Amino acid sequence: MMPTINPSGELVLLDLVTHRRGKVRVGDIVIVRSPEKPTKVVAKRVLGLEGDSVSFLTQPAISTEIETVVVPKGHVWVQGDNIYDSRDSRTFGPVPYGLINGRVLLRVWPPERCGFIEHNVPLQQVASGEMEQNAISD
């Protein structure tokens, strides 16, 4: 989740209840069990909820080709904030809601970066300048 969360040295506080109540929103950063490697957990940003249309660059480093998918029932669409170097729903497809382990609330370490994590969708995530109705911020 670079640059939002640095995996080497930053600690975050997780909300372990909200996702169980179906309250995950577009823009939230969630911890999910990897669909590719079930022993691994990863942090990704939610970009689409069930029924949402999500447009994304298929290979952002080398192409401007855009693909649009509809997130199926019981799934979310997740992507890393660094679209050039992230294995996410663009690779493994929509993630079943049951693989979400928690929602990142705030950064607690290092002290100079303590605070709530922004829920804004980074502009580089928005393919072709649009994100349907989901490009919202808190």
Side-chain angles (χ1 to χ4, degrees):
M1 274 300 295
M2 290 286 289
T4 306
I5 300 171
N6 185 343
S8 59
E10 290 193 352
L11 298 176
V12 294
L13 180 67
L14 297 180
D15 167 3
L16 300 176
V17 177
T18 299
H19 70 284
R20 292 181 181 157
R21 297 176 57 202
K23 302 289 185 183
V24 173
R25 300 172 298 174
V26 170
D28 284 350
I29 296 175
V30 293
I31 304 299
V32 296
R33 185 150 311 279
S34 171
E36 297 178 311
K37 297 180 183 176
T39 58
K40 182 179 180 183
V41 292
V42 294
K44 301 293 177 191
R45 190 177 300 273
V46 175
L47 292 186
L49 304 172
E50 60 182 52
D52 289 347
S53 292
V54 179
S55 297
F56 61 96
L57 295 167
T58 56
Q59 298 176 321
I62 61 172
S63 169
T64 58
E65 180 183 342
I66 295 173
E67 188 174 328
T68 300
V69 298
V70 175
V71 181
K73 184 176 174 109
H75 291 71
V76 294
W77 187 270
V78 296
Q79 284 185 209
D81 283 355
N82 181 356
I83 65 169
Y84 301 105
D85 189 24
S86 180
R87 294 189 63 78
D88 47 39
S89 288
R90 294 171 299 152
T91 306
F92 46 73
V95 175
Y97 211 80
L99 293 182
I100 299 175
N101 289 346
R103 181 174 67 103
V104 175
L105 280 180
L106 54 98
R107 184 181 297 107
V108 296
W109 187 265
E112 62 274 7
R113 287 186 37 99
C114 282
F116 288 96
I117 304 285
E118 289 194 34
H119 294 276
N120 299 333
V121 177
L123 288 178
Q124 69 177 10
Q125 294 283 41
V126 182
S128 74
E130 62 179 303
M131 219 14 227
E132 307 295 327
Q133 73 272 11
N134 290 332
I136 60 171
S137 62
D138 294 330

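Given the structure is predicted, the values throughout are model-derived calculations rather than measurements.
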With rounding to the nearest 0.5 angstrom, report the CD to NE2 distance, Glu50 to His75.
9.5 Å
If every non-hydrogen atom of Ala43 is compared with every non-hydrogen atom of Ile29, which pair is closest and at what distance?
CB-CG2, 4.4 Å
Enumerate the salt bridge (charged side-chain N to carboxylate O under 4.0 Å, His left out) contacts for residues 30-43, please, sequence neighbours excluded, ordered by first and then second residue.
Glu36-Arg87
So Arg103 and Lys23, do their side chains get closer than 4.5 Å, heavy atoms only?
no
Close side-chain approach of Val24 and Val30, heavy atoms under 4.5 Å:
yes
Using a 4.5 Å cut-off on heavy atoms from C-beta on, say whether the side chain of Phe56 contacts that of Leu47.
no
Return yes if some donor-acceptor pair links the side-chain N/O of Ser89 with the main-chain N/O of Val78 below 3.5 Å, else return no.
yes
Using only atom types and a distance under 3.5 Å, with no angle test, would you say the side chain of Asp85 pairs donor to acceptor with the backbone of Asn82?
no
Candidate pair Ile31 and Ile100, rule side chain to side chain contact (heavy atoms under 4.5 Å, CB included), full reasoning
CA-CA 6 Å; Ile31 304 299; Ile100 299 175; over 6 Å; no
Provide the closest heavy-atom pair for Val54 versus Gly48 in the form atom of the first, atom of the second, distance.
CG2-CA, 3.8 Å
Partners meeting side chain to side chain contact (heavy atoms under 4.5 Å, CB included) with Gln59 (sequence neighbours left out):
Ile62, Ser63
Do Val70 and Asp52 have side chains that approach each other closer than 4.5 Å (heavy atoms only, starting at C-beta)?
no
Given side chains that start at C-beta, do those of Val32 and Val42 come closer than 4.5 Å, heavy atoms only?
yes
For Pro60, enumerate each residue passing the side chain to side chain contact (heavy atoms under 4.5 Å, CB included) test, keeping only those at least two apart in sequence or located in another chain.
Leu57, Ile83, Tyr84, Arg90
What's the verdict on side chain to side chain contact (heavy atoms under 4.5 Å, CB included) for Val69 and Ser53, showing C-alpha distance, side-chain angles and the deciding distance?
CA-CA 6 Å; Val69 298; Ser53 292; over 6 Å; no
For the backbone of Gly27 and the side chain of Arg45, can you confirm whether one donor and one acceptor N or O come within less than 3.5 Å of each other?
yes
